[in-house]
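Given the structure is predicted, the values throughout are model-derived calculations rather than measurements. Within every chain, numbering begins at 1; the chains are lettered A, B, ... in the order of the sequence lines, protein sequences first and strands thereafter.
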Amino acid sequence: MAVYHLGHHPNYPELFHSLITEPPKLLAFDTEVVSLDNRKLLGVGVAISGGEGFYVPVDEPRFLSILALARDSSIQKIYHNAPFDLRVLRPHQVDCSNVDDTAFMLRLLGLPASLDEAAISVGREAQTAKSLMESHKVHTMDKLPQSELANKCINDAQVTYLLYEKYKDLVSPSYYAMERRLIPRLEDMSQVGVKLDTDRIEELYQHYNREYAWYLTQCQGMGFNPGSPQQVGYILAERENFLPFTKSKKQLSTDESHLRRLSDPVARLVLLYRHTAKLLNTYIIPLRGKDRAYTTFHMEALTGRISSTSAGKGNPDRNLMNIPKKTDLAQAAIPTIRSAFLPDHNEWTIADFSQIELRILAYLSRDQRMLSIFQSPDGDFHGVTASEMRIPRDFAKIFNFAMIYGGNEYTVATNAGMSDVALAKKYMLRWMTTYPQAAQWMMVQKIEGIRNGYVESLLGRKMPIPTEQGRAHAEHCCINFPIQCTAGEIFKMAIQECSNLADSFRLIVHDEMDLSGHHQMSDALAHLTDIYTPVGVEYRARWG
DNA sequence: AATCATTGCCC
DNA sequence: GTACGGGCAATGATTC
């Protein structure tokens with residue numbers, strides 16, 4: 001068992017000793033785990049500079065000395081993708097308040113954030129875990145020769161150190177500071193979790209399990225597995241139902257929108273099965289018998305939005321940003337899954353930025369009519385759009401969102417339940433005359449975004465436009481990215497604005513903050529930027 | 001065992 | 001006949 005060294009220092013035991021006894025103010029860290037699915041910690045690497053560093057396996061006695069460095073809040077610790085490493089290191093109670101993240105820096109400059117790609121910009125090479133495992137013909141990192149693992153880990157930490165030196169002065173200080181301060185907020189929230197109503201989840205389980213078993217038995221009696229789209233397509237075609245082929249032309253489309261149109265009771269049966277299977281397998285069973293629900297919050301999205309993941313298999317974390325709002329349209333008597341999420345105090349404070357994306361579109365495009373609607377304190381944007389366009393409010397809502405996402409007449413027609421595609425197109429043109437500056441902004445976004453290869457948000461985050469998925473997709477990204485990113489920026493500022501309530505934060509869901517207990521939300525949230533972003537606040541005993 | 005394909009939940 | 005942006009994850013089918 002040993003401490004591994006990578007560098008040119010002639011007397012590395014002495015260097016290690018001085019690292020421990022007189023630690024520098026700035027260190028770069030990297031962790032190694034078994035695999036993405038099994039995030040058992042194998043060891044930690046630390047770089048003192050771009051050229052010197054050490055790796056210590058977890059079972060080496062001196063691992064404690066390395067931990068002491070990671071725990072020391074007076075040391076500035078650089079990670080590449082800090083939320084990942086901090087999740088792995090969570091059981092060791094490392095400090096996450098004085099943490100820098102070089103992946104954040106690269107992302108907000110619009111540069112590739114993967115370490116192997118970024119390494120080139122500092123004249124180094126970093127091998128991906130995948131390629132290293134392939135070259136050694138192993139499937140998990142613990143099967144690598146330990147010296148190989150150590151070298152990779154130290155090298156990654158050194159590259160991280162170099163990336164920090166290179167990019168720290170290139171990023172916008174205020175923007176980067178905002179993201180940096182989120183690291184401990186997200187880690188704290190991930191760690192605390194949300195209280196669950198165990199009894200209610202058990203009730204849900206009993207109810208849906210009975211339904212599920214019944215639907216499954218019926219399908220099996222007919223000789224097919226309702227969980228297999230292939231078999232569902234086959235049996236429905238056999239019963240003389242018409243279904244189109246999927247994109248890949250390999251099987252028939254059996255998604256909800258298609259099956260709903262069929263009058264065949266088997267189609268209905270499959271939909272009922274899928275609904276119960278989804279609720280059970282994805283939400284109810286994983287939470288059954290648990291006192292709390294946990295997640296890991298990330299900031300790796302293209303647009304800088306926060307996302308929620310399970311962070312690998314075999315840990316209790318799960319995505320808490322996609323918990324269903326409704327359980328069953330027909331049976332209102334069945335409680336929702338969200339209602340099993342409880343505050344630790346007597347009630348929830350649920351704060352939600354209302355229609356923030358449309359407000360951002362209005363601001364970015366300076367559309368006069370949109371702005372004037374949003375200026376009035378309780379202006380109903382969808383309602384006004386409806387009357388301006390002389391269409392029902394539900395239609396107006398669909399059009400408004402389709403414009404943000406870059407929808408075309410076909411998708412709009414589908415969403416609105418309109419059979420007349422030409423009419424949908426006519427309404428889209430009417431939307432563009434109703435909000436002419438918004439329409440013009442979208443056009444300019446497309447042209448400039450495609451020409452530059454990237455678009456920018458309100459606060460100046462650069463987002464590369466993806467090219468692999470075709471021109472139409474790229475154009476939609478040119479419109480949607482700045483809107484979605486700016487919404488994320490305002491939301492991240494909001495978390496910061498509420499730092500006095502940090503201990504009460506339990507969940508965040510894109511434009512909603514859920515706090516345990518009764519809290520007054522700051523009026524400043526409506527004016528975090530030049531965009532007026534009012535917040536609706538509700539107090540409830542249960543979530544959802 | 002890994003990857004693709006399909007489906008579906010959230011904003 | 002016609003691609004609506006961003007996430008995460010479960011399942012089955014296919015491939016290695």
Specify the separation, in whole Å, of atom [atom1] of [X] and atom [atom2] of [N].
| X | N | atom1 | atom2 | answer |
| --- | --- | --- | --- | --- |
| A:Glu300 | C:dG7 | CD | P | 10 Å |
| A:Leu280 | C:dT11 | CG | P | 11 Å |
| A:Lys130 | B:dA1 | NZ | C1' | 13 Å |
| A:Asn38 | B:dA1 | CG | P | 15 Å |
| A:Leu320 | C:dG7 | CG | C1' | 14 Å |
| A:Tyr273 | C:dT11 | OH | C1' | 8 Å |
| A:Arg471 | C:dG5 | CZ | C1' | 17 Å |
| A:Glu468 | C:dG5 | CD | C1' | 15 Å |

ask   = Between A:Tyr410 and A:Ala301, which has a closest nucleotide on DNA chain C that is more 5'?
value = A:Tyr410
task = Any pair with a residue in residues 348-362 of chain A that passes side chain to side chain donor-acceptor pair (under 3.5 Å), sequence neighbours left out, goes on the list, sorted by first then second residue, please.
result = A:Gln355-A:His382
ask   = Is there any side chain to side chain donor-acceptor pair (under 3.5 Å) pair reaching into residues 446-455 of chain A, and which pairs are they, with sequence neighbours excluded?
value = none
Below 3.5 Å, can you tabulate the donor-acceptor pairs from side chains in residues 221-228 of chain A to any protein atom, sequence neighbours excluded?
{"from": "A:Asn225", "atom 1": "OD1", "to": "A:Gly227", "atom 2": "N", "distance (Å)": "2.8"}
{"from": "A:Ser228", "atom 1": "OG", "to": "A:Gln230", "atom 2": "N", "distance (Å)": "3.4"}
{"from": "A:Ser228", "atom 1": "OG", "to": "A:Gln231", "atom 2": "N", "distance (Å)": "3.1"}

message = Suppose you measure atom C1' in C:dG1 against the same atom in B:dG8; what distance do you get, rounded to whole Å?
response = 25 Å
message = Within the 3.5 Å criterion, strictly below it, is a donor on A:Arg200 or A:Ser339 matched to an acceptor on the partner's side chain?
response = yes
query = Between residues 472-479 of chain A and DNA chain C, which residues have a heavy-atom gap below 4.0 Å?
reply = A:His473, A:His476, A:Cys477
inquiry  = Below 4.0 angstrom, which residues in residues 431-447 of chain A have at least one non-hydrogen atom near DNA chain C?
reply    = none
ask   = How would you list, by chain and number, every residue that makes a side chain to side chain donor-acceptor pair (under 3.5 Å) with A:Asp380, sequence neighbours excluded?
value = A:Arg393
key: Which residues share a side chain to side chain donor-acceptor pair (under 3.5 Å) with A:Thr533, sequence neighbours left out   = none
request  = Could I get the full list of ring-ring contact (aromatic ring centres under 6.0 Å, His included) partners for A:Tyr294, not counting sequence neighbours?
outcome  = none
request  = Taking ring-ring contact (aromatic ring centres under 6.0 Å, His included) as the test, write out the residues that go with A:Tyr405, two or more places apart.
outcome  = none
Once you apply a heavy-atom cut-off of 4.0 Å, does [X] come out as touching a base, just sugar-phosphate, or nothing?
| X | value |
| --- | --- |
| A:Phe401 | nothing |
| A:Gln231 | sugar-phosphate |
| A:His139 | sugar-phosphate |
| A:Lys425 | nothing |

query = Near A:Tyr539 OH, under 6.0 Å, is it more than 12 heavy atoms from other residues, nucleotides or ligands?
reply = yes
inquiry  = Is it the case that over 12 heavy atoms from other parts of the model lie below 6.0 angstrom from the OH atom of A:Tyr234?
reply    = no
Cut-off 3.5 Å, no hydrogens considered: what does the side-chain donor-acceptor table look like for residues 416-430 of chain A, sequence neighbours left out?
{"from": "A:Asp420", "atom 1": "OD1", "to": "A:Ala422", "atom 2": "N", "distance (Å)": "3.1"}
{"from": "A:Asp420", "atom 1": "OD1", "to": "A:Leu423", "atom 2": "N", "distance (Å)": "3.1"}
{"from": "A:Arg430", "atom 1": "NH1", "to": "A:Met389", "atom 2": "O", "distance (Å)": "2.6"}

Return no unless some side-chain N or O of [X] is found under 4.0 Å from OP1 or OP2 of [N].
| X | N | answer |
| --- | --- | --- |
| A:Thr282 | C:dA9 | no |
| A:Gln230 | C:dT11 | no |
| A:Ser310 | C:dA9 | yes |

Let me have the donor-acceptor pairs involving side chains of residues 458-469 of chain A, under 3.5 Å, with sequence neighbours excluded, atom names and distances please.
{"from": "A:Arg461", "atom 1": "NH1", "to": "A:Tyr175", "atom 2": "OH", "distance (Å)": "3.4"}

ask   = Using a cut-off of 4.0 Å between protein heavy atoms and nucleotide atoms, how would you tag nucleotides 6-11 of chain B 5' to 3' with B, S and -?
value = SSBBSB
